[in-house]
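Step one of this worksheet: look at the structure below.
Chain letters run A, B, ... following the sequence lines, proteins first and then strands; every chain starts at 1.
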2 protein chains.
Amino acid sequence: MTTLSPRQQQILDFLRAFIEEHDYPPSIRDIQEGCGISSTSVVDYNLRKLEEKGFIRRDREISRGIELLGARGRRTRIVEVPLLGTIAAGQPIPVPSSDRWAADAEDYVPVTEEMVRGRTNVFALKVRGKSMIEDLIDDGDIVFLEPVRHADDGDRVAVWLKDRGEVTLKRIYRENGRIRLQPANSAMEPIYTTPDNVEIQGRFISSIRPSE
Amino acid sequence: MTTLSPRQQQILDFLRAFIEEHDYPPSIRDIQEGCGISSTSVVDYNLRKLEEKGFIRRDREISRGIELLGARGRRTRIVEVPLLGTIAAGQPIPVPSSDRWAADAEDYVPVTEEMVRGRTNVFALKVRGKSMIEDLIDDGDIVFLEPVRHADDGDRVAVWLKDRGEVTLKRIYRENGRIRLQPANSAMEPIYTTPDNVEIQGRFISSIRPSE
DNA sequence: GCGCCGTCCGAACGGATGTTCGCGGGAACG
DNA sequence: CGTTCCCGCGAACATCCGTTCGGACGGCGC
């Protein structure tokens, strides 16, 4: 049963508008006035209904203790992912470590938490170039990586090539003693190197494309 | 003068943490306890300082009337975009209209507002098939569309083909009296049809790829 | 009619909460 | 030393605000 009475719908709309405007929830009497209701108990009554139906969560006895929930009664949190730099030739990126993680981020990318799937210390990099275009990662995309040191074959990883002093995003394969870094672009050749020349910076989690 | 005393920094941090957890601001006495302060007047004093320095905005005489301001206090809002269905052969999707918008959504996709760039009534569809793979839209992706009836040449639009009774996502081109619906997949042929056979449902805004 | 239920009304109670005021300690300065 | 300013302390006050209670109105089924 998720049908709302007109009054409840009205209150819900007012809640959203009020929070949008003030950044804090209304008091019961704010709702009363805003919806033209003659008694606070009516507001209380309908707020209980809204809570039963999963649209809000209330902290009783606490003024303005109303929390708006999203669809299905869940709450979507936002994670601010530090944008540490660009993956581009000749420019090594700083290695995030847990102690001084994100200390020198240029910027932060706010994303819903499902983009990082509960992983911690995720960081972001802006992609330059089309070497991963067939993996649907375009120039200008922002990729999210988790800081790991090891990866499985076929993983998309950001690796630091020591001899070149640069970082690239490639798929990694171990082949009898050497490393193959495979771009997802049939026009480009794989890079072959040795294990001691590569340092894995992070494993690809997901990507977004900034809207044009 | 934007230097903060330790106490003020502490209160600011507490404010952020409290709002993150509860979705509504703390009362003065919440701050008092949370920061180990012995008097509410100290909290009031420092809140005034924080307001002078531009970190918060207060609505006087109103409980929990504290609003975080500033670059680091900015609030990234979440938009719940209704997922109206799947773009797949043989399955027409409901046409969203402003009056009964999203009334029958299967689900809602929470995204940061930058994904819809301030547009209203945006809806989402799950993509089936790889017909737009060269536009970096994969099978399983979720695309966001704004409900428009008209589009420019080259726009990626969801169109309803009346004779087939199905909806697809294609690039649209008008060519001397007829319509060309161009997939972004070189292995697939364009669809040619007439203007009275197509009904534009929405224009592509952005897409996300649910994390694996 | 009668009872039940969802909804609304008005008033009152008591706790929660923002505000104010007097006081004091400590640092900086003349 | 005296003054001023920043900051903290404790208590009291007035209001804000969630809660509760008795009552009422209308629709519905029996």
Decide, yes or no, whether a salt bridge links B:R64 with B:D30 under the criterion of side-chain N to carboxylate O below 4.0 Å.
yes
Enumerate the residue pairs fulfilling ring-ring contact (aromatic ring centres under 6.0 Å, His included) with a member in residues 29-53 of chain A, sequence neighbours excluded, ordered by first and then second residue.
none
For residues 21-43 of chain B, which residue pairs pass the ring-ring contact (aromatic ring centres under 6.0 Å, His included) check, not counting sequence neighbours?
B:F18-B:H22, B:H22-B:Y24
[atom1] of [X] versus [atom2] of [N]: gap in Å, rounded?
X: A:L47; N: D:dT19; atom1: CG; atom2: P; value: 9 Å
X: A:E61; N: D:dT19; atom1: CD; atom2: P; value: 6 Å
X: A:I28; N: D:dC17; atom1: CD1; atom2: P; value: 10 Å

Using side-chain contact (heavy atoms from CB on, under 4.5 Å) as the criterion, list what pairs up with [X], not counting sequence neighbours.
X: A:V79; result: A:V81, A:E113, A:V116
X: B:E33; result: none
X: B:K162; result: B:N197, B:E199

Positional range of nucleotides in DNA chain C within the contact set of chain A, heavy-atom, under 4.0 Å:
C:dG6 to C:dT17
Which letter, B, S or -, goes with each nucleotide of nucleotides 6-12 of chain D from 5' to 3', with contact meaning a protein heavy atom under 4.0 Å?
SBSBBB-
Test of understanding: with salt bridge (charged side-chain N to carboxylate O under 4.0 Å, His left out), list the residues that count as partners of B:D44, not counting sequence neighbours.
B:R48, B:R58
Identify, with sequence neighbours excluded, every residue that meets salt bridge (charged side-chain N to carboxylate O under 4.0 Å, His left out) alongside B:R171.
B:D135
Would you tell me if any nitrogen or oxygen in the side chain of A:R58 comes within less than 4.0 Å of OP1 or OP2 on D:dT19?
yes
